[in-house]
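What follows is a single structure, written as structure tokens, with notes after it.
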Amino acid sequence: LAYLSRELGTIIREKDGFSDINDFKRKDFNKDELLTIFKDLEFNSFIKKMGLESSGDEQEIQEAICCETISNLESFEKIVNQLSREKLLSILPVFKKTGRVGNMLEIIGIGTEEKYYFASTETIDEISLAKAVKVILESEDITLISYNIKELYTWCLYHNTEIHCQLFDLMIAEYLIDALASSYTIPGLSRKYLGIEVEMPKEKKRKGRQIELEQVEENPVELLGKAISTFRAIYEKQKDIIDKSKQNYLFYDVELPLSLVLGSMEYYGFRVDKQYLEEYGARLDYRIKSLEQTIYMLACEEFNINSPKQLGVILFEKMGLKAVKKTKTGYSTDADSLNEIIDSHEIIPCILEYRQLTKLKSTYAEGLVKEINPETGRIHSSFNQTVTATGRISSTEPNLQNIPVRTELGREIRQAFIPKDGYVFVDADYSQIELRVLAHITGDEVLQNAFRDGIDIHTLTASQVFNVSMNNVTPDMRRSAKAVNFGIIYGIGDFSLAKDIGVSRKEAARYIENYLSTYPRIRDYMENTVKFGKEKGYVETMFHRVRHIPELKSPNYQVREFGKRVAMNTPIQGSAADIIKIAMVKVWHELKKNNLKSRLILQVHDELIIETAIDEVEQVKEIVKTNMESAAELSAPLVADVSVGSTWFEAK
DNA sequence: GCGATCAGCC
DNA sequence: TATTGTGCTGATCGCA
């Protein structure tokens, strides 16, 4: 072996045929082939850099596009009226991001396949423009092909306009076709479906310095015209795929209307008590300062506690504590690791508390205040519909889906979330939705019956796993069983379960085995869904949301195992996501239909929050509960628990 | 600007 | 044999 290694490691220094150094120069390359490779790999900046843009057929298409810019209101109104008699229209608005809640419109393009019309707010004022397009947006006979209808809808709400068109949104369609695509841009879609290169006008950079390069600004209408002219053809192709994947219900009845629901949630926002947050932050600060001093004293040195690197050096080198785990760059200092050595030095609990408090202060106390809109006094988070691999929605700027709740101190932040005057919160959350979905799709009757009979599911699992009767289950056993239940959903192994509930690995393995033999259908499901995923390359939810899992074919063991867990978890988490989306659409319609003042303002995966007018509380409670529980018919019935409170803290 | 680490939620 | 629970977003550090 040593000889073999030596041979492998020896550099061959003599080789014939390379006498001329010029042979090593880069020669001409096959442009077409390189372009295909780069396109395939999405090396778009290389394509640009090397001037590989194809030109042939593109030119023809561009010349076929018929675009007109309209610069006075009367002509625009006339054209819009004409267009409102059409059946199928494409629409492409461009917004400028400002502090205003409905973004500011810059340009809007509308048209049929034959011709597209553009209007700019530079020549026609925004309000008149909004009034003009109302005839189109509020017509139920038109199918509107859009890109990012949510953004258009928040703008509509600002201008007191509704959208009643039949919708087809290219971004959302693509999300259902491939939930894992990294971005859903118009140029990306047009490249994928039509092989056409289009470009979107660059957003003007607001960087203060240097205006030279950015000012080049080609005629935006020219670019936009080309972009909107691809909508119709992309629509045809996506429509087909969605239909063939049995996603019509999910797309037309869930995701598209949901887009408007999310738009309105963003538009209305969540009222926040700024003063409360500031006082809360000050309170934290007082304690943080004191902890800081204690830590410096115990370490006999000042250092940056926020730096895991510096902290690691202090704890594990200077103070000689035992490191239990390593990361790829050094010592592990996360809460799990520190908790294992919590008794070895009094500095450890201080650090843990310091971490908790600084998190609360910077992310929540300070972070949330920054997001309060000065005009509305409310926080207008963005709800993204095309981010997650499982179908959940995500929330950013700020993330309202991770507001603390577990620790008492953190939970107090929820007292800053208040309703507008004369309103309260109705808060409804699904009870055990993922386990009910699990019971439903596995067909396990023991589990289903337990849910039907309203039995406490963790206690039941405990009695099965530990082989004791239901009334002999201790709180400790129940806690472990709860971990087992969640672990099953995530596709857990004995190692992690053991660590989670603090038993030996063997013990944990026995729990899992007990569980799977008590619920044989669950074992079957886990095996079958992985098999399905391997054969088809994807798994799907109850409503045919699809997730491709290329990891299942990976040569790498770890990656493949990850693929298996994903295959087991996605149909469960994803179906639960489908269900609450259905519920949101139903609740939203019902509030509208009854002309209520109450508004859905937040979703947190299994929970809905409605800012409710005091005189509508009883009605809203009823609407939320029945619509959530009837969102899907499961053989383990859905249950939603509803409560009312005058802050988010109280409503839970 | 970006990866790594940590921490918050379901 | 080696490894080990899904899905997210944000703050901070430290390097390039």
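Below, each value reflects all heavy atoms present in this structure, side chains not excepted, and no hydrogens, waters or symmetry copies.
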Using a heavy-atom cut-off of under 4.0 Å over every strand shown, decide if [X] touches base, sugar-phosphate, or nothing.
{"X": "Glu397(A)", "result": "sugar-phosphate"}
{"X": "Ile403(A)", "result": "sugar-phosphate"}
{"X": "Ser395(A)", "result": "sugar-phosphate"}
{"X": "Phe562(A)", "result": "sugar-phosphate"}
{"X": "Glu607(A)", "result": "nothing"}
{"X": "Ala389(A)", "result": "sugar-phosphate"}
{"X": "Tyr364(A)", "result": "sugar-phosphate"}
{"X": "Gln356(A)", "result": "sugar-phosphate"}

Tell me the interatomic distance from [X], atom [atom1], to [N], atom [atom2], rounded to whole angstroms.
{"X": "Ile393(A)", "N": "dC10(B)", "atom1": "CD1", "atom2": "C1'", "result": "12 Å"}
{"X": "Tyr490(A)", "N": "dC10(B)", "atom1": "OH", "atom2": "C1'", "result": "6 Å"}
{"X": "Asp606(A)", "N": "dC8(C)", "atom1": "CG", "atom2": "P", "result": "17 Å"}
{"X": "Asn306(A)", "N": "dC13(C)", "atom1": "CG", "atom2": "C1'", "result": "9 Å"}
{"X": "Glu366(A)", "N": "dT12(C)", "atom1": "CD", "atom2": "C1'", "result": "13 Å"}
{"X": "Arg505(A)", "N": "dT4(C)", "atom1": "CZ", "atom2": "P", "result": "11 Å"}
{"X": "Leu435(A)", "N": "dT6(C)", "atom1": "CG", "atom2": "P", "result": "17 Å"}
{"X": "Phe495(A)", "N": "dT4(C)", "atom1": "CZ", "atom2": "P", "result": "7 Å"}

Salt-bridge test for Arg565(A) and Glu551(A): reply yes if a basic N is under 4.0 Å from a carboxylate O, no otherwise.
-> no
Minimum-distance nucleotide to [X] side chain [options: [options]]:
{"X": "Thr390(A)", "options": "dG7(C), dA7(B), dT3(C)", "value": "dG7(C)"}
{"X": "Pro404(A)", "options": "dG8(B), dG14(C), dC10(B)", "value": "dG8(B)"}
{"X": "Pro308(A)", "options": "dC9(B), dG10(C), dC6(B)", "value": "dC6(B)"}
{"X": "Lys359(A)", "options": "dG14(C), dG8(B), dA11(C)", "value": "dG8(B)"}
{"X": "Gln558(A)", "options": "dC8(C), dG14(C), dT4(C)", "value": "dT4(C)"}

Modelled atom types, side-chain donor and acceptor of [X] and [Y], under 3.5 Å:
{"X": "Tyr268(A)", "Y": "Glu611(A)", "value": "no"}
{"X": "Glu266(A)", "Y": "Thr154(A)", "value": "no"}
{"X": "Arg547(A)", "Y": "Thr541(A)", "value": "no"}
{"X": "Gln415(A)", "Y": "Glu650(A)", "value": "no"}

Quote, to the nearest angstrom, the [atom1] distance that separates [N] from [M].
{"N": "dA7(B)", "M": "dT1(C)", "atom1": "P", "value": "35 Å"}
{"N": "dA2(C)", "M": "dG8(B)", "atom1": "C1'", "value": "31 Å"}
{"N": "dA4(B)", "M": "dT4(C)", "atom1": "P", "value": "16 Å"}

Which residues, if any, of residues 321-354 of chain A bring a heavy atom under 4.0 Å of DNA chain B?
->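 By residue number: Thr327(A), Lys328(A), Thr329(A), Ser332(A), Thr333(A), Asp334(A), Ala335(A).
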I want to check one thing: is the phosphate of [N], taken as OP1 and OP2, less than 4.0 Å away from some side-chain N or O of [X]?
{"X": "Thr363(A)", "N": "dA7(B)", "result": "no"}
{"X": "Arg355(A)", "N": "dC6(B)", "result": "no"}
{"X": "Asn304(A)", "N": "dC13(C)", "result": "yes"}
{"X": "Arg547(A)", "N": "dG7(C)", "result": "yes"}

Would you kindly check whether a donor in the side chain of [X] faces an acceptor in the base of [N], or vice versa, at under 3.5 angstrom?
{"X": "Arg560(A)", "N": "dT3(C)", "answer": "no"}
{"X": "Arg392(A)", "N": "dC10(B)", "answer": "yes"}
{"X": "Gln573(A)", "N": "dT6(C)", "answer": "yes"}

Could you give me the CA-CA distance, side-chain angles and deciding distance for Tyr511(A) and Tyr515(A), then say whether ring-ring contact (aromatic ring centres under 6.0 Å, His included) is met?
-> CA-CA 6 Å; Tyr511(A) 295 167; Tyr515(A) 185 99; over 10 Å; no
About how many Å separate CD1 of Ile372(A) and NZ of Lys274(A), when rounded to the nearest 0.5 Å?
-> 6.0 Å
Would you confirm whether Gln247(A), through its side chain, and Leu176(A), through its main-chain N or O, come within 3.5 Å as a donor-acceptor pair?
->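 Yes, Gln247(A) side chain to Leu176(A) backbone: donor-acceptor pair under 3.5 Å.
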Walking DNA chain C from its 5' end, the first of Lys309(A) and Leu180(A) to be reached, judged by nearest nucleotide, is Leu180(A)
Evaluate the ring planes of His548(A) and Tyr538(A), with Trp represented by its six-membered ring, and classify them as parallel (under 30°), tilted (30 to 60°) or perpendicular (over 60°).
->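 If you compare the ring of His548(A) with that of Tyr538(A), the planes turn out perpendicular.
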Is the Tyr331(A) ring parallel, tilted or perpendicular to the Phe316(A) ring (thresholds 30°, 60°)?
-> tilted
